[in-house]
Amino acid sequence: MSAPFDSAANMRRERILATVDSIPKGRVSTYGRIAEETGLGRGARQVGAALRDLPRGRNVPWHRVVNAAGQISPRDGDSQARQRKLLEAEGIEFSATGRIDLARFVWPAL
DNA sequence: CTCGTGACTTTGT
DNA sequence: TACAAAGCCACGA
């Protein structure tokens with residue numbers, strides 16, 4: 001069994017998911033922050049890719065990751081609406097323009 | 001090796 | 001506050 005289950009790219013993805021998993025309920029983080037915490041420097045886009053490729057059934061709080069503007073990043077499908085629903089269910093508040101006040105909800109705190 | 005791509009970020013209007 | 005442009009980084013054609 002020498003399948004590339006432990007390729008560098010794969011391990012990097014696992015570390016990203018581990019960091020995302022550390023975001024407490026009722027809080028959010030950003031792609032850039034997750035990248036930094038995971039030790040990827042300016043690898044925010046890689047964080048987005050990891051969540052995009054998240055296999056169904058994987059238990060990770062992917063919905064707690066938003067962009068630096070405090071908004072749910074655009075994408076295809078209804079995933080955006082589902083993300084907002086999940087966040088609101090945890091007490092996250094959205095402004096009239098659909099923005100989250102990071103000063104209040106970002107993790108770790110500013 | 002060069003190019004295009006993207007759940008991103010920062011900077012300049 | 002909103003939008004455009006440029007910067008950034010890993011991947012795959």
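Within every chain, numbering begins at 1; the chains are lettered A, B, ... in the order of the sequence lines, protein sequences first and strands thereafter. Atoms considered below: every heavy atom in the structure, side chains included; atoms not considered: hydrogens, waters and symmetry mates.
More than 12 heavy atoms of other residues, nucleotides or ligands lie within 6.0 Å of CG in Asp53(A), so this atom counts as buried by the packing criterion. The environment of Arg42(A) atom CZ is sparse: at most 12 non-hydrogen atoms of other residues, nucleotides or ligands sit within 6.0 angstrom.
Ion pairing between Glu88(A) and Arg84(A) holds under the 4.0 Å rule for side-chain N and carboxylate O.
Put simply, the side chain of Arg15(A) gets close to the backbone of Thr38(A): a donor and an acceptor are under 3.5 Å apart.
In this structure, a donor-acceptor pair under 3.5 Å is absent between the side chains of Arg99(A) and Ser95(A).
Going from atom CZ of Arg13(A) over to atom C1' of dC9(C) covers 16 Å, rounded to whole Å. Between Asp76(A) atom CG and dG6(B) atom P there is a gap of 9 Å when expressed in whole angstrom units. Across the protein-nucleic acid pair, Asn67(A) atom CG and dT9(B) atom C1' stand 9 Å apart, rounded to whole Å. Following rounding to the nearest Å, Leu102(A) (CG) and dT9(B) (C1') show an atom-to-atom distance of 13 Å.
Against DNA chain C, the stretch residues 26-59 of chain A makes heavy-atom approaches under 4.0 Å through Arg42(A), Arg45(A), Gln46(A).
Val28(A) has its side chain out of reach of Trp107(A): every pair of non-hydrogen atoms, C-beta onward, lies at least 4.5 Å apart.
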